[in-house]
Amino acid sequence: GQQLNQSPQSMFIQEGEDVSMNCTSSSIFNTWLWYKQDPGEGPVLLIALYKAGELTSNGRLTAQFGITRKDSFLNISASIPSDVGIYFCAGRGGTSYGKLTFGQGTILTVHP
Amino acid sequence: EAGVAQSPRYKIIEKRQSVAFWCNPISGHATLYWYQQILGQGPKLLIQFQNNGVVDDSQLPKDRFSAERLKGVDSTLKIQPAKLEDSAVYLCASSLASESGYTFGSGTRLTVV
């Protein structure tokens with residue numbers, strides 16, 4: 001089946017620093033999504049990407065859909081303490097009828 | 001709009017017991033998903049419904065797991081009998097269509113002892 005490799009597994013940064021995480025796949029995806037999950041809650045959608053090469057921003061977050069359609073990255077600029085959480089990439093393939101395959105997650109800790 | 005509602009929030013059962021989870025999707029959302037999230041991992045799809053029909057249940061352990069969405073709205077997921085490895089958060093999500101982004105509920109945290 002489709003596999004997503006997300007890295008890094010965890011990051012410890014100082015408030016104000018920029019963060020970058022990425023996801024690679026063995027398969028081509030038609031959609032890449034980035035979610036954030038807080039403790040005890042379900043994942044919340046941050047950014048959705050629908051086209052190869054697409055670069056999309058949402059406030060301090062920027063994500064790109066790789067040209068090969070097998071990778072994506074998420075950048076967070078000027079991190080703040082409330083950015084703490086687990087970030088997941090998710091991909092949707094052409095024949096998956098909406099099913100999302102998730103990466104293993106990146107745990108982000110921001111020190112004030 | 002109201003979000004995806006799930007209950008209960010927490011459940012602790014002994015192995016070999018049965019358990020059921022309930023999900024009420026966002027009104028009008030035709031597609032409903034049940035995901036299993038084991039601690040330290042990303043969510044994994046168990047079953048996908050389009051209205052009241054099953055679209056994908058290829059990763060549902062059908063010897064012990066079952067799910068239904070009888071009227072195309074609410075859904076229940078049942079485990080019978082539970083095993084220790086079923087300890088996880090069970091997330092329900094819904095979307096307008098299979099191509100749309102979807103909204104997750106807060107999940108049910110199941111502990112099997």
Side-chain angles (χ1 to χ4, degrees), chain A residues 1-10 21-25 29-51 54 56 58 61 63 65 72 74 85-108, chain B residues 2-11 21 23-26 29-51 53-60 88-111:
Chain A
Q2 295 168 323
Q3 302 264 347
L4 286 185
N5 186 28
Q6 187 173 346
S7 65
Q9 283 191 320
S10 61
M21 57 192 80
N22 68 80
C23 234
T24 58
S25 167
F29 285 112
N30 295 330
T31 304
W32 281 95
L33 302 160
W34 285 90
Y35 285 85
K36 181 183 180 224
Q37 187 173 28
D38 291 326
E41 298 297 328
V44 173
L45 181 65
L46 298 173
I47 290 182
L49 302 156
Y50 298 104
K51 209 164 105 172
E54 181 181 352
T56 297
N58 177 7
L61 277 60
F65 191 144
S72 177
L74 174 71
I86 306 177
Y87 291 79
F88 290 99
C89 61
R92 178 183 290 144
T95 58
S96 61
Y97 303 106
K99 167 188 170 182
L100 288 180
T101 299
F102 281 80
Q104 309 97 312
T106 296
I107 301 171
L108 179 64
Chain B
V4 175
Q6 287 189 249
S7 67
R9 285 299 308 268
Y10 307 93
K11 191 77 178 177
F21 313 125
C23 173
N24 188 326
I26 292 173
H29 280 195
T31 312
L32 185 147
Y33 310 81
W34 283 102
Y35 276 78
Q36 180 193 57
Q37 186 176 22
I38 291 171
L39 188 64
Q41 298 182 17
K44 183 186 87 172
L45 181 70
L46 292 174
I47 189 166
Q48 176 185 345
F49 292 94
Q50 182 71 23
N51 296 309
V54 175
V55 173
D56 184 348
D57 63 356
S58 57
Q59 297 194 81
L60 187 74
V89 175
Y90 290 85
L91 294 162
C92 179
S94 70
S95 65
L96 270 175
S98 59
E99 303 80 28
S100 309
Y102 37 92
T103 303
F104 282 90
S106 297
T108 296
R109 180 176 295 278
L110 173 68
T111 303

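A, B, ... follow the sequence lines: proteins, then strands. Residue 1 opens every chain. Because the structure is predicted, anything quoted here is derived from the model rather than measured.
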Problem - Residues in side chain to side chain donor-acceptor pair (under 3.5 Å) contact with Tyr35(A), at least two apart in sequence or another chain - result: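 Residues passing side chain to side chain donor-acceptor pair (under 3.5 Å) with Tyr35(A): none at all.
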Problem - Heavy-atom proximity to chain A below 4.5 Å, by part of Gln37(B) - result: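 Contact with chain A is through the side chain of Gln37(B) alone.
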Problem - Tyr35(B) side chain to Leu100(A) backbone, donor-acceptor under 3.5 Å - result: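 Present.
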Practice task
Please name all residues satisfying side-chain contact (heavy atoms from CB on, under 4.5 Å) with Ser10(A), sequence neighbours left out, ordered by chain then number.
Solution key: Phe12(A), Ile107(A)
Practice task
Could you tell me which portion of Gln6(A) (side chain, backbone, both or neither) has an atom closer than 4.5 angstrom to a non-hydrogen atom of chain B?
Solution key: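 The answer is neither part of Gln6(A).
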Exercise for the section: Among the options Pro43(B), Cys92(B), Gly42(B), Gly107(B), pick out the one with the most heavy-atom pairs lying under 4.5 Å from chain A. Expected result: Pro43(B)
Exercise for the section: May I ask you to test the Ile47(B)-Phe49(B) pair for a side-chain heavy-atom distance under 4.5 Å? Expected result: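 Yes, side chains in contact.
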